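Read the numbers this way: they start at 1 and go in the same order the structure lists the ligands and their atoms. All values derive from a computational prediction rather than experimental measurement. All heavy atoms count here, side chains included; hydrogens, waters and symmetry mates do not. We number each residue from 1, following the sequence as shown.
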Amino acid sequence: MKSYHLTTFGCQMNEHDSERMKGMLESIGYAEAPDREGADLILFNTCSIREKADNRLVGHLGEAKRLKTEDPERVIGIGGCWSQSMKEQVFELFPFVDVAFGPGQVHKLAEFLTSDSLTAQGYFEFEGFTGHLPMKREREFQAWVQISVGCNCACSYCIVPSTRGREVSRPSGEILAEVERLAADGVREVTLLGQNVCSYGRDLPKGAKTSFAELLSSVDAIDGLERIRYTSPHPKDIREDVIRAHAELASVCEHIHLPLQSGSSRVLKAMRRTYNQERYLDRVATIRDLVPDCAVTTDIIVGFPGETDADFEETMEVVEQVRYDSAFTFVFSPRRGTLAAELEGQLPHPVKRERMDRLVGAVQRHATDRAQRFVGRTMEVLVEGPSRTDPAKLRGRTRHNKTINFAGVAAPGELTEVEVTSATSTTLAGEERLLARLG
Ligand code: SAH
Ligand code: SF4
Ligand code: F3S
């Protein structure tokens with residue numbers, strides 16, 4: 001039997017694509033190897049969102065090259081966004097690579113492996129969904145579900161539209177059938193994936209059109225499923241019906257990840273985000289109004305070309321107003337082929353660093369403050385396994401997407417009630433309500 005080793009970089013889309021790659025490989029007789037040395041096929045599912053992601057990969061490729069030299073029969077494969085973005089150069093720069101493919105042609109990997117092709121092959125068309133491939137789920141009780149591929153936005157800093165192509169929605173019937181299968185298989189929580197979930201369905205043919213809010217409602221109706229999450233909504237497209245779903249549909253969790261990117265309307269325009277500060281804050285006001293306890297999280301970029309001190313202060317102001325439950329913060333990274341990489345006014349590193357430090361300070365302060373509202377409350381927790389810091393304890397996640405470490409007896413995959421005793425910016429601590437379990 002042949003064996004493979006797969007390393008995954010990047011976002012949830014890639015994690016999910018990797019589950020499909022594994023399922024596909026196992027369906028053609030490959031078994032997972034514990035390390036690269038022991039693998040006949042060494043695979044990377046790559047990301048290119050920021051420069052750091054590129055640099056990390058190149059280090060790993062060095063090891064793959066060495067292993068290939070030791071045993072030339074080994075096959076080296078590179079999939080994912082970085083591979084797609086390097087399609088012109090990949091074989092020239094890394095001649096030890098046998099097969100390279102983008103996120104749109106994951107299925108071609110199996111074709112390559114089962115052919116007698118001896119020459120390097122590249123597959124970079126945008127053909128469709130990995131959702132059609134068998135899946136080897138990484139987590140028993142939680143699952144990713146792809147609802148669309150690609151992105152029709154043109155955010156000037158972002159490489160994704162070029163690596164994942166135009167947006168294509170998956171027919172809702174297919175999505176629901178998949179979620180039903182997952183729920184029947186014991187999955188309690190699904191995360192619906194798309195680059196811009198709120199534009200879901202617009203491209204579907206007349207008669208088959210389904211809005212994202214309608215999709216949420218149909219998924220919510222599926223028996224056995226307890227929690228629905230999704231990522232990401234775009235502030236330009238999120239409507240009241242979707243926000244309302246968080247209040248009205250039992251399984252839709254009290255958490256919305258609403259990427260801000262910048263609080264300055266001027267910078268947002270240069271980013272081509274097509275909303276301004278006012279509209280963003282208006283969306284947040286609707287969330288606070290309809291789902292008062294909802295956790296709101298975000299993505300923010302600092303140091304976009306031309307970002308002035310005043311622009312940055314506007315970002316800080318939005319952070320002060322919204323009081324995020326948590327935020328991913330990124331230093332702008334120029335990406336090949338994007339408009340923003342060519343803009344004048346690229347900022348020196350120390351300026352970006354200083355802004356980042358201030359932003360992270362504010363984000364952490366609010367995250368800590370906001371988390372205190374959970375202390376003293378009893379919350380529903382989906383148990384994930386033993387705590388990472390103290391194996392005598394359990395780890396789980398609340399509906400607000402907070403990780404919680406707690407003393408208790410519940411098994412992974414169970415939903416249980418946990419009394420929250422303390423909170424930091426990132427995690428909660430608590431004790432399982434054993435009496436509640438008995439009663
Ligand atoms: N489609 C999703 C996000 C995809 S990328 C959305 O629009 O919400 C995840 C995050 O990476 C983005 O939200 C953005 O904050 C960050 N990002 C993307 N390109 C970047 C770049 N060139 N430099 C720094 N951060 C970037
Ligand atoms: Fe990138 Fe913007 Fe599309 Fe998100 S919405 S993937 S940031 S282009
Ligand atoms: Fe995801 Fe990275 Fe591609 S963040 S969409 S794997 S560039």
State the atoms of ligand 3, each with its element, that fall below the 4.0 Å cut-off from a heavy-atom position in Q195.
5 (S)

Identify the closest protein heavy atom to atom 3 (Fe) of ligand 2: which residue and atom is it, and at what distance?
C151 SG, 2.3 Å

Give the numbers and elements of all ligand 2 atoms closer than 4.0 Å to a heavy atom of R273.
2 (Fe), 5 (S), 7 (S)

Cut-off 3.5 Å, side chains only: do T8 and N14 have a donor facing an acceptor?
no

Contact check, Q12 vs ligand 3, heavy-atom distance below 4.0 Å:
no

Check ligand 1 for N or O atoms under 3.5 Å from a protein N or O and list each pair with its distance.
{"unit_1": "ligand 1", "atom_1": "1 (N)", "unit_2": "Q195", "atom_2": "O", "d": "3.0"}
{"unit_1": "ligand 1", "atom_1": "1 (N)", "unit_2": "Q195", "atom_2": "OE1", "d": "2.7"}
{"unit_1": "ligand 1", "atom_1": "11 (O)", "unit_2": "R50", "atom_2": "NH1", "d": "3.0"}
{"unit_1": "ligand 1", "atom_1": "13 (O)", "unit_2": "Q261", "atom_2": "NE2", "d": "2.8"}
{"unit_1": "ligand 1", "atom_1": "13 (O)", "unit_2": "D299", "atom_2": "OD2", "d": "2.7"}
{"unit_1": "ligand 1", "atom_1": "15 (O)", "unit_2": "Q261", "atom_2": "OE1", "d": "2.7"}
{"unit_1": "ligand 1", "atom_1": "22 (N)", "unit_2": "Y157", "atom_2": "O", "d": "3.0"}
{"unit_1": "ligand 1", "atom_1": "22 (N)", "unit_2": "S333", "atom_2": "O", "d": "2.8"}
{"unit_1": "ligand 1", "atom_1": "23 (N)", "unit_2": "S333", "atom_2": "N", "d": "3.0"}

At a non-hydrogen distance cut-off of under 4.0 Å, which region of P161 contacts ligand 2 (side chain, backbone, both, or neither)?
side chain

Taking atom types as modelled and ignoring hydrogens, do the side chains of R336 and S48 form a donor-acceptor contact shorter than 3.5 angstrom?
yes

heavy-atom search around atom 1 (Fe) of ligand 2 in the protein gives C158 SG, 2.3 Å

Considering all heavy atoms, the nearest S3-A39 contact
OG-CA, 3.4 Å

Ring centre gap for F112 and F101 strictly below 6.0 Å
no

What protein N/O/S atoms are there under 2.8 Å from atom 3 (Fe) of ligand 3, waters excluded?
C81 SG

Looking only at heavy atoms, what is the nearest atom pair of D237 and R202, with distance?
OD1-NH2, 3.0 Å

H16 side chain to E19 side chain, donor-acceptor N/O pair below 3.5 angstrom
yes

Going by distance alone, is a donor N or O of one side chain under 3.5 Å from an acceptor N or O of the other, for H255 and T297?
yes

C155, portion touching ligand 2 at heavy-atom distance under 4.0 Å
both

How about CD on Q372, more than 12 heavy atoms from neighbouring residues, nucleotides or ligands closer than 6.0 Å, or not?
yes

Using a distance-only test with no angle check, is there a side-chain donor-acceptor pair under 3.5 angstrom linking R395 and T427?
no

Within the 4.0 Å heavy-atom shell around H234, which atoms of ligand 2 are there?
5 (S)

Once you round to the nearest 0.5 Å, how far does CZ of R273 lie from SG of C153?
7.0 Å

Exercise: do E384 and Q142 side chains pair donor with acceptor under 3.5 Å
yes

Which of the numbered atoms in ligand 2 are below 4.0 angstrom from a heavy atom of V160?
6 (S)

In this structure, atom 7 (S) of ligand 2 is nearest to the protein heavy atom Y157 OH, 3.4 Å

Would you verify whether the NZ or CZ of R56 falls within 45 degrees of the ring axis of F9 while also being under 6.0 Å from that six-membered ring's centre?
no

If you count every heavy atom of other residues, nucleotides or ligands that lies below 6.0 Å from R66 atom CZ, does the total exceed 12?
yes

Could you find the nearest protein heavy atom to atom 6 (S) of ligand 2 and give me its residue, atom name and distance?
Q195 OE1, 3.4 Å

Start with the C-alpha gap between E125 and Q105, add the side-chain angles, then the distance that decides, and say whether side-chain hydrogen bond (donor to acceptor under 3.5 Å, both in side chains) holds.
CA-CA 6 Å; E125 303 296 313; Q105 283 197 312; 5.7 Å; no

Q261 and ligand 2 - part of the residue with a heavy-atom distance under 4.0 Å:
neither

Determine whether more than 12 heavy atoms belonging to other residues, nucleotides or ligands lie under 6.0 Å from atom CD of E278.
no

